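To start, the structure under review is shown below, and the notes come after it.
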Amino acid sequence: MTLTRHAASAISLSNDSLDSIAEESLLVHDQCKLILNALKRKVQAQGTSTDVIDGDLCVCEKGTHAVPDPCHCTLYFQKEEEEEGSALSRFEKLAMLKECIKEKDHNRGAQIHAEHIWTELHDQGTKDLLCFQRMKSEGLLPNLITFYNILKACIASHAIHSGQQIHVELAEQDFLEKDMVICNAILYMYTKFGLLKEAQDVFDKLPMQDVVSWNTLILGYAQQGHVYEALISFENMQHAGHAPNAITFLSILKACAHAGNPKKGEEIHTQITTRGLFEGDATIGSALVDMYAKCGSLVKAQRVFDDILEKNLISWTALINGYVKHGYAQEALGCFKCMQLAGHCPNTVTFICLLKACGSIKASNDGLKLHSQIVKQGSFETAPSLGTALMNMYFSCSMLLDAQNVFHQLEVQDRISWNALMHGYVQNSLEEYAMLCLEKMQSNGFPPNAVTFVCILKASARLGTACKGQQLHAEIIKYELPENPVIDSALIDMYMNCGMFAEAQVVFDKVAIHNTSLWNVLIAGYGQVGKNHVVFGLLKKLLDVGIIPDQSLYSILLNTCSHTGLLDTAQFYFEAMSTNGVIPTQEHYTCMIDLYGRAGLLEEARLILENMPFLANRLVWRILLTASYKQRSIDLGWEAIEHAAQLDKINSAARVCIRNMYAAIKSDYILAGEIHSLKDLQ
DNA sequence: CTAGGGTTAG
C-alpha cells in the first residue's frame, strides 16, 4: 500500500523525483525498487506515460500470487523494445490486466501474467501462441498441428482458461473425433493443471482410448497422490485389453510410492520382472528404488539399486532421498560419497536431499561443505529452493547467523523463504523473532498463507499469549483460507496451551470432519493439565465415531497416565496397542519404564527395558537412574550410571547431569559403607 | 502424444 501511495505520485514525475521517492521511503522493499527502476527506465525512454504507469501500479497493488507478481511488472518494460512484431502488444496486455483487476478476475489476470512470463522463457512457443491468435483474427483456419502446439504453449504457461477455450474450439470443430494425438494432448493438459475430474471426464468421452490415454490418466492420478484412482485405472486398462508398458509401470510405481505401503509395490515389481521390463534399466530401476525407499523398505531399495546396470544421477538421488526420509542421514551422506566417486555431480535435487540429511543430524561441517560446493557449482542462482534448503539446514544446526545470511543473500525473497525464516525462529525457540518476522513479511507485501499461520500459531502457543493468539485467529478468518485441518489443529493447540479450553472446543466443533490428529491435539491438551476424566471421555467419543487410535494417541494416553501415576490404566493401553496392531515406539516404552520406575517397581521397569526392540538411550537410563536413586537400589543404579556414561561421550551437558546423579548416589554408597572404584566416571 | 529423484506446516 505504501508503494501505491508513493508510486501514484510518480506518474507525473521525473527521473530525479523517482530517486527521491526511493530514498525517502524506508518501506520500499526490493520488489518495489524493481518497479521504481522500471518506471525510471520508462521515464528515460519516452517521458511519462500515465497510461502504462497506471496499469502497472494496479498490478503492484494487487500483487498477490493470484494476480501478477509485482516483480514481474518490470518485464513489461524490458520487453518493450524487442516485441515489435507481436500480435498482442504490451499495451494490449496491460489493458487486459487492468480489465481483470477491475473485474477482480484473478484467474484471467494470473493467466495473462503466466503467458507473459512464459513468453520470456519459451520463445518459440510464444510465437506459436501469438501466431495462433493472429491467424484466427485474419480468418485463417488452424490445423491440428497448430492446435497441438498451442496446447503445449498453454501447458507450459499454465494458461488454464486459454486451454479450456482451445478444448471447446476443438470439440466444436469435431477435431476430437479425428485424432488421438490431439485427444491425448487435451487429456494431458487437464492432468497437468491438476484438474483430474475434468481429465477423467475428457477421458470417458474420448471416441476411443489407447495406451497413451490410459498412461496419461494414470500418471495424472499418480502425480497428485490419488492412489486409489490410479490403481483402479490400472486395473481397468488391463480389463479393456491394453497391456501396460514401461511408462504405465513408471506411473503406477509413483502411485505405490505415494501409498507408503510396499505391498502393492512389490506386486508391481513382480509384474515388471515377469514382463522383462527391468533388466538393469535405469529409468524403471530408479522408479522402483524410489517406491521402495518411500515405503520405508530401504533394504529392497538398496537391492534394486545395486541391480541397476548403469546408475545415473536420478537413481543415486532416489536412494539418498530414501535414506534421508527415514532417518538414516549418515547412510545418505555415505551414499553421496560413493556417488561422487562414481563420477556423478550433484544437482539441485541432490543438494536439497543432502542438506536435509545434514540438518536432521546437525552435521554442520558437512552442511558447510555442501554450501561451498553449491556456490562453487553456481547452482544457487538457478534454484531459489536451494536457499530455503540451506536455511533449514542452518536453522536445524542452530546456526542462526548463517541461516539469516542465506536469507538476506537470496535473490528473490518469496513467501516460502519468509516462511522458512519464521519456522527457523520457532524451531530455535525465538518466538518473538517469529512474530516480528510475520510483521516484516506482511509489510513486504506477502500475505500469510496456511504454512505461515501454522508456524506462528505454534510460536503463540509456546508464548501462551492468549491475546495474540486470538488476534491471529481473527486474521485467519479474515484471509478466508481454504479449510485446512493443519490450521485447525494448530489453533486448538494454541488455545489449549493458553488454557482457553472453551475456545479450543469451539474450533474443534466447527470442523466438519475430524481427523485423527484433530482429536489427538484436543486430547493432548487436556492430558497436559491433568484433566484425566475429560481425556477418557473424549477417548470414548472418538472410539464411538469409529476413529482408530494411532501411535501418537497412545503416547498421549500413556503420558496422561504417567503425569498422574495411573499405572494400571497405562498398562491396559500399552497392551491394547499391540492387540490393535499399533507398534509401540521408543517413546511408548520410555513412558512405561518411567511409570514403573516411579511406582517403585524397578524389576518391571528393567524387564520392559530388556525386552524392548530398541537399544536403551540416555533418557531411558537416566529415568532408571532416578528411580534407582529414589529406591536406593544400588546395583541397578550402578548399571544405569555405567550405561548412561557410555552413551554420553558426546553431550557434555548430559554428562554434568549424570555426574550430579552419581554424586548423589555416591553419598549413599559411603553411607552403606561400600567402596567402589569410580575412576572411569570422573 | 504419455516417462524416473525435490523447497515452507501438525
Side-chain angles (χ1 to χ4, degrees), chain A residues 144-145 148 151-152 155 179-189 191-192 210-220 222-223 245-254 257 281-291 293-294 308 311-322 324-325 346-356 383-393 395 410 414-424 426-427 441 448-458 461 484-494 515-518 520-521 524 552:
Chain A
L144 273 176
I145 296 171
Y148 180 70
L151 281 175
K152 273 211 305 209
I155 293 165
D179 188 78
M180 274 317 283
V181 175
I182 206 82
C183 287
N184 289 334
I186 293 270
L187 178 62
Y188 179 61
M189 179 185 75
T191 65
K192 279 284 165 205
D210 63 8
V211 178
V212 178
S213 329
W214 281 104
N215 284 352
T216 308
L217 183 73
I218 294 170
L219 183 70
Q223 276 174 338
N245 61 17
I247 296 175
T248 324
F249 281 114
L250 290 176
S251 312
I252 210 70
L253 282 172
K254 190 167 241 188
D281 172 68
T283 306
I284 284 279
S286 305
L288 278 167
V289 170
D290 180 54
M291 182 275 294
K294 288 220 175 91
I308 298 175
K311 302 159 190 37
N312 58 24
L313 183 61
I314 294 173
S315 334
W316 281 101
T317 310
L319 187 68
I320 290 175
N321 186 38
V324 178
K325 274 227 161 73
N347 66 5
T348 310
V349 183
T350 327
F351 278 129
I352 289 171
C353 298
L354 291 165
L355 287 168
K356 204 168 236 180
S385 50
L386 261 180
T388 324
L390 276 167
M391 283 169 66
N392 283 333
M393 182 274 292
F395 272 127
L410 287 178
D414 62 3
R415 187 155 52 181
I416 294 181
S417 35
W418 276 104
N419 281 343
L421 187 69
M422 192 184 294
H423 175 239
V426 178
Q427 203 181 348
M441 173 178 174
N449 66 0
V451 178
T452 322
F453 280 122
V454 169
C455 213
I456 206 75
L457 280 170
K458 193 174 183 181
N484 187 328
V486 187
I487 292 187
D488 293 329
S489 91
L491 272 172
I492 296 170
D493 185 47
M494 180 274 295
N515 65 21
T516 317
S517 37
L518 274 174
N520 287 357
V521 68
S552 45

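Keep in mind that this is a model prediction, so the values were computed, not measured. Below, read A as the first sequence line, B as the second, and so on, with proteins coming before strands; counting in each chain starts at 1.
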* For A:Asp179, report the nucleic acid contact type (base, sugar-phosphate, nothing); a contact means any heavy atom under 4.0 Å. => nothing
* **Nucleotide-resolved protein contact map, nucleotides 2-9 of chain B, B/S/- at heavy-atom distance under 4.0 Å** => BBBBBBBB
* To do: Could I get the full list of side chain to side chain contact (heavy atoms under 4.5 Å, CB included) partners for A:Leu390, not counting sequence neighbours?
  => A:Leu355, A:His371, A:Ile374, A:Phe380, A:Met393, A:Tyr394, A:Val406
* Partner residues of A:Pro346 under the side chain to side chain contact (heavy atoms under 4.5 Å, CB included) criterion, sequence neighbours left out -> A:Phe336, A:Met339, A:Gln340, A:Thr350, A:Phe351, A:Gln373, A:Gln377
* Asked: side chain to side chain contact (heavy atoms under 4.5 Å, CB included) with A:Asp179: which residues, sequence neighbours excluded?
  -> A:Leu144, A:Val181, A:Ile182
* What pairs with A:Val454 under side chain to side chain contact (heavy atoms under 4.5 Å, CB included), at least two apart in sequence or on another chain? -> A:Val486, A:Ile487, A:Ala490
* To do: For A:Ser517, check side chain to side chain donor-acceptor pair (under 3.5 Å) against everything at least two apart and list the hits.
  => A:Asn515
